[in-house]
Amino acid sequence: MRYRDLRSALATSAAICAVAIATPAMAQTKTFDVPAQSAATGIPQLATQADVQILVSEDAVRGKTIRAIKGSMSVDQAVRRAAADAGLRVVSSDGRTYTLSSAAAAAAPPADTYVANEIVVTAQKRVESVQDVPIAITALSQKNLEEQKIESGADIMRAVPNLTFSKSNFTSYNISIRGIGTKAISATSDPGVAVSFNNVGMIHNRFFEQEFFDLERLEVLRGPQGTLYGRNATGGVLNLITAKPKLGQFEGSLKGEVGNFNSRRMVGMLNIPIVPDALGLRIAGSMTDRDGYDYNSVTKNRVNGRDLWSLRTTLGFENDWLRGNFIWERFREKDNRSRTGKQLCHRDDSPDMIGSTPTRRANSNFPEFNEQRAGLFSTGCKAGSLYDDAAFGTPNGYGLAYVAGVNIANGTQGPIGRDPNTFEYVPLLDITVDPYGGLSQSRNLREIASVRDPLYRASSDVLGLNFDVDLSESLTFSSQTAWNWDDVYSFQDYNRFNTLPIFNDTSNLIETGQLGVIIGPSRWQGLAPGGIFCDPQIGCSDRLAVFDVSSSDSKQFSQEFRLQSSFDGPFNFSVGGNFTRFKTQNDYYVMSNLLTALAQMQPFNYSSDITVCPNLGWSPGEDRDNPRPIENSFCPYIDPNPVESINGQGHNYFRSSNPYELKSWAAFGEAYYNINPDLKLTAGLRYTRDHKRFTPDRPPLRGPGYLLMH
């Protein structure tokens, strides 16, 4: 059925029909005073004041309402605003008669014509039909997201062509559109695809962790968007548009889900009109709690679970010339989420020859050093198919720098200690044992082996104030202000491979001199009593343990001003400027009980006086529970704090500290010219000035944690 046939059919059916006395052009400006009411009575009242005819079926408006339409505006703007309120769309219009139909159930088009359901978007910073926006765009409503079970950022790939989502070993992620993105892990690098919250770009955000709830829509814009959405939009923009308060309607919803792994999920919304048609409040929230899908065979616990919640409060306001909203959104997560999944490995056993030189000495007087020597030329794991049985191996432990460091320290510092009964040499680490021992992993991809479970903490608070001011009938001034406080902390096993016991018992070692003379207790006595070594960050274990921490703490302020036109002629424009200030502290740590052991073995203490470093580089002072580093000491400083409260100065771990500050100013604009009804010319321009500042802390004294990781 074509549009003219649809008009005829609606005219002959039961319809709401308001006949005008005169028939002015649709662009004529009028002053309206239509109170908020049901669509069945409001649309005829609007038609009378506009002096036009509006045709719509009774079924289409049954149970629908419209907001108040007051003030001066064009007839076309008033009609389309009322239609949008009632969930309708303009099927046809000749300036005198408007035909409306349900937006959700458009009439079936003929075989040679395609008419899509109208989707309203703000891709060009103005409310438009997606069919009228000359941008490659995918728009998903909250209902679309729920129907396709798209609950978080990583799920969008299922619904959006040309988009990929990837996760690295760190807390960041990468979104690519049409292959354009960035996987750089530097704190100062900019993403290729911007993530915006109600049209405001968020440099650090919880797009990976937070789940979608109470959205008006999710827009995915492909291609460069810098002339409207600012910096970091070379590949495209993901724009999250939250649902705003309905000022004339009270409503609420609540949905709950339960499932296996003790899964519980709840999403709710409450919309309260405080002052009808003028002020409204909308409160929405979500909660997810479930046990982990993965299993840690060492701790016997399920890991990679979820315990997170979000709450959003929106205060909306509107009058004849001002519209806006104030938004506060809070997100919190505290669980044992894993940043990455299980790691597979093809063991690299080291080459036998390097050129013409053998890596193992056949006539060596110390055969136990042969594998260690050869291991120096091993990469730990080598390339191989993930589908082979060998992929479930473990690394060659002799190829790990921190293992080699402890073995070297064992051999270069003289006797670590001797057994008091046999006087045999006893090193701290059993140098004849590969820590991984050629073990195989479980073939279950959901099973890891780690001496500790992962920790994951994330939080975000977003405040936004957005408003539009009608300066005239065809000019609108817009302001967008946003504050964002964001932090994330993740602690997990660096390798997720279990190892063999590697520490020797140093409970009763003695120090000996020439001719076997007993000097006294060994300086290493008590370092690993019973073969158990206690690391202040990782804890006590008889096995090799390597963990990393990835964290960031950031703040952002953004302000944007914009002026847009809505002239009746062929020319329109959108110009504006914005300012962004962003500060962050990104930290990455790698810690191992072997690094701590190496620091406590004092490999850099070349003095024969064993009392030179009695406190291993730190002094208790007056407060023995809070030791401090010794200024200008060449002794290694052992951070005594647990991993949750480390001071970042320890020589027993590796730290990458990245304090970064950004100030960005920009001016931008677009101009539009309708050459004819089917052809529009768009021209855009942007000027950006970024000031980036990287101010690293003064690095601590270089201990084994620094040397072994470099």
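F317 does not carry R323 over the face of its six-membered ring by the limits of under 6.0 Å from the centre and within 45° of the normal. Both tests pass for K167 against the ring of F208: distance under 6.0 Å to the centre and angle within 45° of the axis.
The side-chain hydrogen bond (donor to acceptor under 3.5 Å, both in side chains) with N198 is formed by just one residue from the set N239, T242, N325; it is T242. W483 pairs in a ring-ring contact (aromatic ring centres under 6.0 Å, His included) with only one of the listed residues (F197, W328, F557), which is F557. Considering K70, K244, R81 as possible partners of E318, the one that fulfils the salt bridge (charged side-chain N to carboxylate O under 4.0 Å, His left out) test is R81. Residue T288 is tested with E257, E211, Q210, E151 for a side-chain hydrogen bond (donor to acceptor under 3.5 Å, both in side chains); the sole match is E211.
Under 4.0 Å is where a charged nitrogen must lie from a carboxylate oxygen, and between D307 and K334 no such pair does. With respect to K64 and D85, no salt bridge is recorded, no charged nitrogen being found less than 4.0 Å from a carboxylate O. Using a cut-off of 4.0 Å between Lys/Arg side-chain N and Asp/Glu carboxylate O, K143 and E146 are scored as not salt-bridged.
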- Query: Does the side-chain contact (heavy atoms from CB on, under 4.5 Å) test come out yes or no for L475 and F477, once each step is laid out?
  - Reply: CA-CA 7 Å; L475 284 178; F477 173 80; over 6 Å; no
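Nearest heavy-atom pair across S554 and H204 is OG-ND1, 3.3 Å.
A donor atom on one side chain and an acceptor atom on the other are not found under 3.5 Å apart for R312 and S310.
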